[in-house]
Amino acid sequence: MEEISHFVDGQRVNGVAGRFADVYNPATGDVIARVPLASAEELDGAVKGAKKAQPSWAATNPQRRARVMMTFVSLLNRDMDRLAEALSKEHGKTLPDARGDIQRGLEVAEFCIGAPHFLKGEFTDSAGPGIDMYSMRQPVGVVAGITPFNFPAMIPMWKFCPAIAAGNAFILKPSERDPSVTVMLAELLQEAGLPNGILQVVHGDKVAVDAILDHDDIGAVGFVGSTPIAEYIYARASTNGKRVQCFGGAKNHMIVMPDADMEQASDALVGSGYGAAGERCMAVSVAVPVGDATADALREKLVPKIESLKVGPYTADADIDYGPLITGEAKERVLGLVQSGIDAGAELVVDGRDFSLQGYENGFFVGPHLFDRVTSDMDVYKTEIFGPVLSTVRAESYDAALELAMDNEFGNGAAIFTRDGDTARDFASRINIGMVGVNVPIPVPLAFHTFGGWKKSAFGDLNQHGPDSFRFYTRTKTVTSRWPSGIKEGAAFSIPVME
Ligand code: NAD
C-alpha cells in the first residue's frame, strides 16, 4: 500500500513514529494509502530545519521572493490536471470542483506576487528636529498552519503563500484525510526556487498539532477547521504567547424575498447547498423564504432540480454534480442528523437516504435531502451538517428572517435574493456576518479582499488572504532615528511632545 511521506528540508521523508492513519478513496470506500502521524520529535525536527533556513530567506529581497510565487503560479497551471486528479481521488469532489479548489489557492499565490508592495512600511520625514521615523514589516519567523480536509489545496495555499512571500518559514500540518496534494504543492514550490526548509509539510493528528501549539520557536498559528477545534487551538496557542487566527464552522442562511426571481434563487440554492456534497464552509445550508407564498413557490422550483442531481465518483468528470462524503463516519453522522430532523417534526420533502450507486455500494455517497418547515430549535437547524442537506425555515417577514440569521451562533456567510436595492442594502449593513452575498449565494471574496467570518466562525483579529494576510504574517517595527546635527545638549527627563 502507498505510504504518503512528510516533506522536510526539501525532500520526502518517511514517518518514523510508527503511527499511521488510513486514507480512503471515498467513492469506493477502499483504503488507498496510509499517512504517517508525526510525533512531537518529528515536528521539532521540521521546526529546527525551518528556523535554520528562515533568516536567509527573510534577507532575500522581496522581489526575488515574489518571483518564486510567480513561477509557482505557472507550475500550478502546468500541473493543474495532475493535482486535481490526486485531490479528487482522496477527497471525492468532482474534477471541475477540484480544479476550482486549486485555482482559488493559485489566485492567492498570484496576489502574493505583489508582496513587495504590502511589505513597504511607512516613513515620516522630519518627525521632529532632525528626526525621521519609519516602520518596517518584518516576518514573524517560523509560523504554522493547520488545515481542514474540505479544501486540501486552497486553504494550505491561503496560509503558506503570504507567509512565505513575507519572508517566514512555514510548517504545514494538513488534514490527515486527504494529504497527498500538499506534498505535491511543496515539491512545486521547490521547483519554483523556494529554498529547502521554508515550507515543511508534517502530517499528523492531535499529537502534531499540540506540538505546534506548544513549540517555543513557532511565532504564529493559522487554523481552519471545525469550531470546537478552532476554540481549543485559539486558547492554547494564544496562552503560549503566539499570534493566532482560527476559522471555524458555519451555518449559512440564504434569505429569499417575495420579489426574488425564483428560477435564479432555486438554481443558486441547489448549486450552493449541494455542490461538493455540502462540505463547504460557505455552503448555504438554510433557505429562508419570506412568506408562505414565497416558500411554496421556491419549493416547487427546488424539488425537481434537487431530485435530478447526479451523484457519483469523480472519474465521471463533469457528468456528476457532486461526489461522496469524506468518510463512512461523516456519512453516518449526516444520516443521523437527517433522522433527528424527521424525529423533531421537520418535513422531509426530498429523501436521499436510500441512495446507492451500482458498482460503488461501499462508497460514502449520500443522496440529496430537502427539509421544509424546520424550526430554529431543531438540531438539524442548529448543527453544521456538512452534507447534502438543505433546510428550509419559513419566515413571516424580512425582519424575522434577518433576526434568525443574526441570532445564529455562526457568522461565516449569508445571502439575500431580492430585486429591491433598499432591502439588499439594509441587509448588507445590519447583518452580523462576515461575508455577505446580494443575489450571490456563496460570497467568497477574491484573493485581493479578505476572507473571514464573525461570531463562532472565527477567532482572532485578522482575516485570511488579501492585505490582512501580510499583516498577520509580519510584525511591525518602528524606528525613530536622529543624526548628530539634530542632537541638542543635555539629557531629557520628560516624554518628548510636539509643541
Ligand atoms: P477538523 O476541525 O476536524 O480538522 C481540522 C484540522 O484540525 C485538521 O488538520 C485536523 O487534523 C486537526 N484536528 C482535528 N481534531 C483535532 C484535535 N482534537 N486536536 C487538535 N487538532 C485536531 O475539521 P475538518 O473536518 O477537517 O473540516 C471541516 C470543518 O472546517 C467544518 O466545520 C468547516 O466549516 C470548517 N471550515 C471552515 C472554513 C472557514 O474559513 N471558516 C473553511 C473551510 C472549512
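Atoms within each ligand, like the ligands themselves, are counted from 1 in listed order.
Evaluated by nearest non-hydrogen atom to atom 2 (O) of ligand 1, the leading choice among Ala250, Gly204, Pro228, Ser226 is Ser226. By heavy-atom distance, the residue among Met435, His203, Glu384 lying nearest atom 34 (O) of ligand 1 is Glu384.
The shortest separation from a heavy atom of Gly453 to ligand 1 is not under 4.0 Å, leaving the residue out of contact. Close to ligand 1: Ile155, with a non-hydrogen atom less than 4.0 angstrom away. Put simply, part of Gln464 is less than 4.0 Å from ligand 1, judged by heavy atoms. Asp205 does not count as a contact of ligand 1, since none of its heavy atoms falls under 4.0 Å from the ligand. The shortest separation from a heavy atom of Phe151 to ligand 1 is not under 4.0 Å, leaving the residue out of contact.
Within the 4.0 angstrom cut-off, atom 4 (O) of ligand 1 has no protein heavy-atom neighbours.
Classification of Glu107 and Arg104 as a salt-bridged pair holds, one side-chain N sitting under 4.0 Å from a carboxylate O.
Among protein heavy atoms, atom 15 (N) of ligand 1 sits closest to Ile229 CD1, 3.6 Å. Of the protein's non-hydrogen atoms, the one nearest atom 19 (N) of ligand 1 is Lys206 CG, 3.5 Å. For atom 26 (O) of ligand 1, the closest heavy atom belonging to the protein is Phe149 N, 3.1 Å. Among all protein heavy atoms, the one lying closest to atom 40 (O) of ligand 1 is Phe451 CE2, 3.1 Å. Nearest protein heavy-atom contact of atom 39 (C) of ligand 1 is Cys281 SG, 3.5 Å. The protein heavy atom nearest to atom 8 (C) of ligand 1 is Thr147 O, 3.3 Å. Ranking protein heavy atoms by distance to atom 27 (O) of ligand 1, first place goes to Pro148 CB, 3.3 Å. Closest to atom 7 (O) of ligand 1 among all protein heavy atoms lies Phe223 CE1, 3.3 Å.
Listed by first and then second residue, the salt bridge (Lys or Arg N to Asp or Glu O under 4.0 Å) pairs involving residues 219-237 are Asp210-Arg236, Asp214-Arg236, Glu231-Lys456 (not counting sequence neighbours).
In the vicinity of Glu176, heavy-atom distances shorter than 4.0 Å reach the ligand 1 atoms 10 (C), 11 (O). The distance from ligand 1 to the heavy atoms of Val224 drops below 4.0 Å at these ligand atoms: 5 (C), 36 (N), 37 (C), 38 (C), 39 (C), 40 (O), 42 (C), 43 (C), 44 (C). Heavy-atom proximity to Phe247, at under 4.0 Å, picks out these atoms of ligand 1: 39 (C), 40 (O), 41 (N). Proximity to Ile146 (heavy-atom distance under 4.0 Å) selects the following atoms of ligand 1: 6 (C), 7 (O), 9 (O). Residue Gly248 has at least one heavy-atom neighbour below 4.0 Å for each of these atoms of ligand 1: 34 (O), 35 (C), 36 (N), 37 (C), 38 (C), 39 (C), 41 (N). For ligand 1, the atoms sitting less than 4.0 Å from at least one non-hydrogen atom of Asn150 are 43 (C), 44 (C), numbered in the order shown with element in parentheses.
Contacts between Ile326 and ligand 1 below 4.0 angstrom, taking non-hydrogen atoms only, are absent altogether.
For the residue pair Asp468 / Gln464, no side-chain donor-acceptor distance below 3.5 Å is found, with atom types taken as modelled.
Aromatic rings from Phe247 and Phe451 are positioned such that their centres are separated by 6.0 Å or more. Aromatic rings of Tyr232 and Phe459 (six-membered ring for Trp) have centroids beyond the 6.0 Å cut-off, not under it. Phe111 and His465 have their aromatic ring centers separated by at least 6.0 angstrom.
Note that Arg34 lies in the cation-pi zone of Phe20, set by a 6.0 Å cut-off to the ring centre and a 45° limit from the axis. Under the 6.0 Å distance and 45° angle rule, Lys93 counts as a cation-pi partner of Phe151.
Taking a 6.0 Å sphere around NZ of Lys251, one finds it holds more than 12 heavy atoms contributed by other residues, nucleotides or ligands. With a 6.0 Å radius and a threshold of 12 heavy atoms from other residues, nucleotides or ligands, Asp461 has its CG atom at or below the threshold. In the displayed structure, Lys51 atom NZ is contacted under 6.0 Å by at most 12 heavy atoms of other residues, nucleotides or ligands. In the displayed structure, Glu329 atom CD is contacted under 6.0 Å by at most 12 heavy atoms of other residues, nucleotides or ligands.
In terms of the side chain to side chain donor-acceptor pair (under 3.5 Å) criterion, residue partners of Tyr381 (sequence neighbours excluded) are, by chain and number, His253, Asn408.
Under the 4.5 Å side-chain criterion, counting only non-hydrogen atoms from C-beta, Asn14 is in contact with Glu3.
Ligand 1 has no N or O atom lying under 3.5 Å from any N or O atom of Thr227, backbone or side chain. Annotation: Val209 places no N or O atom under 3.5 Å from an N or O atom of ligand 1; distance criterion only.
The one candidate from Thr147, Val183, Leu185 that meets the side-chain contact (heavy atoms from CB on, under 4.5 Å) condition with Pro174 is Thr147.
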